[in-house]
Amino acid sequence: MTTGYSLKGEIAVVTGASGFLGPIWIEALLEAGATVVAVDHPQAKMTNNLQALVERFEAKRLHLAHADVRDRSALETVCRQCLQTFGTPTVLINNAGIDQPPGNSNQGHRLEDIPLEVNREILEVNTLGMFLTTQVFGGQMVRAGRGSIINIGSLYAGVSPDPHFYDHIQSDPPFLKPPAYGASKAAVVNLTKYLATLWAPHGVRVNALSPGGVLGNQDAEFKRKFCARVPLGRMATAEDLSGPLLFLASRASSYVTGVELMVDGGFTAW
């Protein structure tokens with residue numbers, strides 16, 4: 001690792017710590033030398049991947065905290081804890097979000113029948129929660145005169161999901177990717193540009209990192225279809241995501257702000 005990518009002495013806050021991507025970001029930050037405050041909803045169940053990081057790193061390097069990103073009071077409590085225990089946060093990863101992959105209890109709505117509350121919750125968490133978290137922790141960065149904020153976007157911030165990726169799944173009505181998901185992530189990208197230009201004079205950089213399909217527990221047919229659409233011919237792994245995150249978080253990207261870094265294997269190139 002080059003000096004430019006080192007995060008030694010940095011204090012990073014990561015929301016959505018128990019989610020699919022949360023442990024990937026947390027591990028990358030810890031290995032680069034940062035102290036990490038890992039935040040998730042009070043009712044979130046700790047995943048095996050996050051538990052492994054807790055066991056691997058000392059409490060003085062990895063601190064777990066609870067807050068709903070829609071609850072400013074809870075976020076402010078976590079921020080005070082961070083200030084008192086570690087100091088001013090210098091890196092913020094806005095990772096908390098709601099996605100609804102095939103196989104969960106919310107599948108099977110026709111577009112015209114999707115309940116308003118389903119879309120409302122996605123927008124509240126993915127977009128408004130990200131903005132509220134940025135207000136609380138980013139405000140501290142502004143006062144300190146430095147910081148790097150990374151908003152986790154998505155491939156679907158810029159393109160629409162291909163329904164053929166899911167047409168092999170037995171569901172009546174057919175599975176639809178929630179329409180609010182891509183809309184929420186598109187809003188995240190736009191807010192990234194807004195915040196970047198507003199806070200640049202205060203030494204705070206704001207960028208978005210938008211992953212493409214990340215390898216997980218998807219069924220074989222979905223993976224076949226998706227990979228056939230990716231120029232690099234495969235889905236992203238944790239290693240593919242860690243480098244771009246460290247670039248945006250570290251001094252290596254000191255002249256980069258207001259961008260959306262696509263990590264999608266070329267999916268959006270054609």
Side-chain angles (χ1 to χ4, degrees), residues 14 16-29 31 47-50 52-53 93-111 114 122 126 150-189 192 207-249 259-270:
V14 182
S18 295
F20 178 48
L21 296 180
I24 294 176
W25 312 132
I26 293 169
E27 183 174 20
L29 294 164
E31 289 187 341
T47 61
N48 292 335
N49 289 339
L50 182 58
L53 292 175
I93 313 299
N94 278 311
N95 173 69
I98 294 177
D99 190 7
Q100 294 176 349
N104 66 44
S105 60
N106 293 309
Q107 72 175 12
H109 290 116
R110 291 181 174 82
L111 181 65
I114 297 174
I122 292 172
N126 295 10
I150 303 170
N151 300 320
I152 304 304
S154 169
L155 165 74
Y156 293 133
V159 297
S160 178
D162 185 344
H164 296 300
F165 288 161
Y166 310 103
D167 61 12
H168 65 283
I169 297 172
Q170 296 300 312
S171 175
D172 183 22
F175 173 81
L176 288 176
K177 191 80 171 177
Y181 179 76
S184 71
K185 292 300 186 178
V188 164
V189 172
T192 295
N207 293 291
L209 191 161
S210 289
V214 181
L215 188 63
N217 296 321
Q218 300 93 345
D219 65 85
E221 181 62 9
F222 172 87
K223 287 187 280 191
R224 183 193 68 78
K225 292 178 181 179
F226 191 91
C227 292
R229 176 65 174 73
V230 180
L232 287 182
R234 62 180 179 84
M235 300 185 77
T237 65
E239 291 75 16
D240 295 320
L241 300 179
S242 297
L245 180 86
L246 294 180
F247 169 69
L248 292 177
V259 306
E260 179 190 14
L261 178 55
M262 299 297 300
V263 187
D264 65 355
F267 189 106
T268 54
W270 60 11

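Below, all heavy atoms of this structure are taken into account, side chains as well, without hydrogens, waters or symmetry copies. Note that the coordinates shown come from a computational prediction; the quantities given were computed from them, not determined experimentally.
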Indicate the atoms forming the closest heavy-atom contact of [X] with [Y], along with that distance.
| X | Y | value |
| --- | --- | --- |
| D162 | H164 | OD1-N, 2.9 Å |
| F20 | L215 | CZ-O, 3.2 Å |
| L241 | P211 | CD2-CB, 4.0 Å |
| V259 | T192 | O-CG2, 4.2 Å |

Taking the side chain as everything from C-beta on, heavy atoms only, tell me whether [X] gets closer than 4.5 Å to [Y].
| X | Y | answer |
| --- | --- | --- |
| R229 | W270 | yes |
| L232 | D264 | no |
| Y166 | P174 | no |
| S210 | L155 | no |
| I169 | E221 | no |
| P179 | L111 | yes |
| K225 | D167 | yes |

Between CG on residue N95 and CG on residue L245, distance to nearest 0.5 Å = 9.5 Å

ask   = Which of parallel (below 30°), tilted (30 to 60°) and perpendicular (above 60°) describes F226 and F165?
value = tilted

key: Step-by-step side-chain contact (heavy atoms from CB on, under 4.5 Å) determination, K177 to D99   = CA-CA 9 Å; K177 191 80 171 177; D99 190 7; 3.0 Å; yes

request  = Verify side-chain contact (heavy atoms from CB on, under 4.5 Å) between N126 and I98, making sure each step is shown before the conclusion.
outcome  = CA-CA 6 Å; N126 295 10; I98 294 177; 3.9 Å; yes

Look at the side chain of [X] and the backbone N and O of [Y], then say whether any donor-acceptor pair between them is shorter than 3.5 Å.
| X | Y | answer |
| --- | --- | --- |
| N207 | I150 | no |
| W25 | N94 | no |
| K185 | I152 | yes |
| E239 | T237 | no |
| R234 | C227 | no |
| D219 | K223 | no |

